[in-house]
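Working notes for the structure below.
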Amino acid sequence: MKSIVCEKPYAFKMIEMEKPAPNKQEALIRIRRIGICGTDIHAFGGNQPFFSYPRILGHELSGYIEEIAENPEGLKNGDQVAIIPYLNCGKCRACRVGKTNCCTDMKVLGVHAEGGMSEWITVPYDHLVKTEGLTLDQSAMIEPLSIGAHAVGRAAIHEGEFALVIGAGPIGLGVMAFAKEKGAKVIVMDVNDERLAFARKWAKVDHTLNVLKNPLEKLAELTNGDMPSVVFDATGNAKSMMNSFKYPAHGGRLIYVGLVKSDICFNDPEFHSKELTLMGSRNATRQDFNDVVDTLKNNRLDLSMYITHRAQLDDLINQFEGWLAPEAKVIKAIVEM
């Protein structure tokens, strides 16, 4: 089968591999869609934490079951599925209390284990979500949208409160959409005016701010002096993440959705004076996947604008670097098989 491996930073290579065979606990999946996300971009650029080379990337995946044994999930050959790419141990304290998304021995496909940038992949059958009634595109987008849904769940949003989302990339857009579903008044901040315009159009956010144009003053004005009670940083940018302590209200919450390969520092007196709650949000759970499936089936999210660029597997290597350029205006790119 064909696979694309990232041999080292900035180096993809098409290779031929033996088609995998599933064991009794696995299914063989014919991959049909692969979403490209920040993790893939950071790995390609040499900036992804918890990563080693060479590695087959790809964890936003959908396809069809080609081979599976009888299983308690009721899955069968021919079923269309999305893949939960977080391979958890099932035994550690986090897994035992239902926080499978932050397992102590987590292996994420495309990061710690070989991913889905291949024609076939084997996956434990309990990491599959049947997506009958959705398109292949929608199925592949469940994973990135689930990350936003999980972050919003961490924030425990109350209807009517102000929520600031910093970063209008694909993950931030998911945070905005699910924060709106919870009844928040959503403010979005980014450095890119075109992305801010997209957030207004796609996620129907309430307000947008350019981070380069006096955001503190404008946030105070929008919130009647209170500042947002919940702030999500979905940038994966260390400077933004450190600056984000300025924005929450006293008694507010700050949730780091993005991940950066560096240390983060903050002013302790400011942190204590506000009595802030600082949270990390990692990956997603099966419940988050199920919630996103429900949202998509009820047509509450339109992905026709969200997916902006496409390529076939054979063309990906030639197109990938072009997608990284700002002038390409990529929101979400997807590989078709």
Within this structure, what is the CD1-CE distance for the pair I31 and M337, rounded to the nearest 0.5 Å?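 Atom-to-atom, I31:CD1 and M337:CE are 7.0 Å apart.
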
Whether F320 and W323 hold their rings parallel, tilted or perpendicular, with breakpoints at 30° and 60°: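 Taking W323 first and then F320, their aromatic rings sit tilted (interplane angle of 30° to 60°).
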
If you count every heavy atom of other residues, nucleotides or ligands that lies below 6.0 Å from [X] atom [atom1], does the total exceed 12?
| X | atom1 | answer |
| --- | --- | --- |
| K239 | NZ | no |
| Q312 | CD | yes |
| N23 | CG | yes |
| E221 | CD | no |
| K182 | NZ | no |
| F271 | CZ | yes |

Salt bridge flag under 4.0 Å for residues [X] and [Y]:
| X | Y | answer |
| --- | --- | --- |
| R32 | E336 | no |
| E66 | K19 | yes |
| E114 | R55 | yes |
| D288 | R286 | no |
| D137 | R310 | yes |
| E16 | K2 | no |
| D294 | K297 | no |
| E73 | K130 | no |
| R200 | D206 | no |

For [X] against [Y], the heavy-atom pair lying closest together:
| X | Y | result |
| --- | --- | --- |
| G167 | M176 | O-CE, 3.9 Å |
| I334 | A140 | CD1-CB, 4.2 Å |
| L222 | F162 | O-CZ, 3.4 Å |
| P228 | L164 | CG-CB, 3.8 Å |
| L254 | P248 | CB-CG, 4.2 Å |
| A149 | V292 | CB-CG2, 4.1 Å |

Pick from F51, Y53, Y10: which one makes a ring-ring contact (aromatic ring centres under 6.0 Å, His included) with F44?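 Answer to the ring-ring contact (aromatic ring centres under 6.0 Å, His included) test with F44 among F51, Y53, Y10: Y10.
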
Pair [X]-[Y], side-chain donor/acceptor within less than 3.5 Å:
| X | Y | value |
| --- | --- | --- |
| E119 | S3 | no |
| E26 | Y125 | no |
| Q138 | Y306 | no |
| N283 | H150 | no |

Do the side chain of [X] and the main chain of [Y] share a donor and acceptor less than 3.5 angstrom apart?
| X | Y | value |
| --- | --- | --- |
| N101 | R282 | yes |
| Q80 | L134 | yes |
| R96 | K91 | yes |
| D190 | A168 | yes |

Taking the side chain as everything from C-beta on, heavy atoms only, tell me whether N210 gets closer than 4.5 Å to N192.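 A side-chain contact under 4.5 Å is absent here.
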
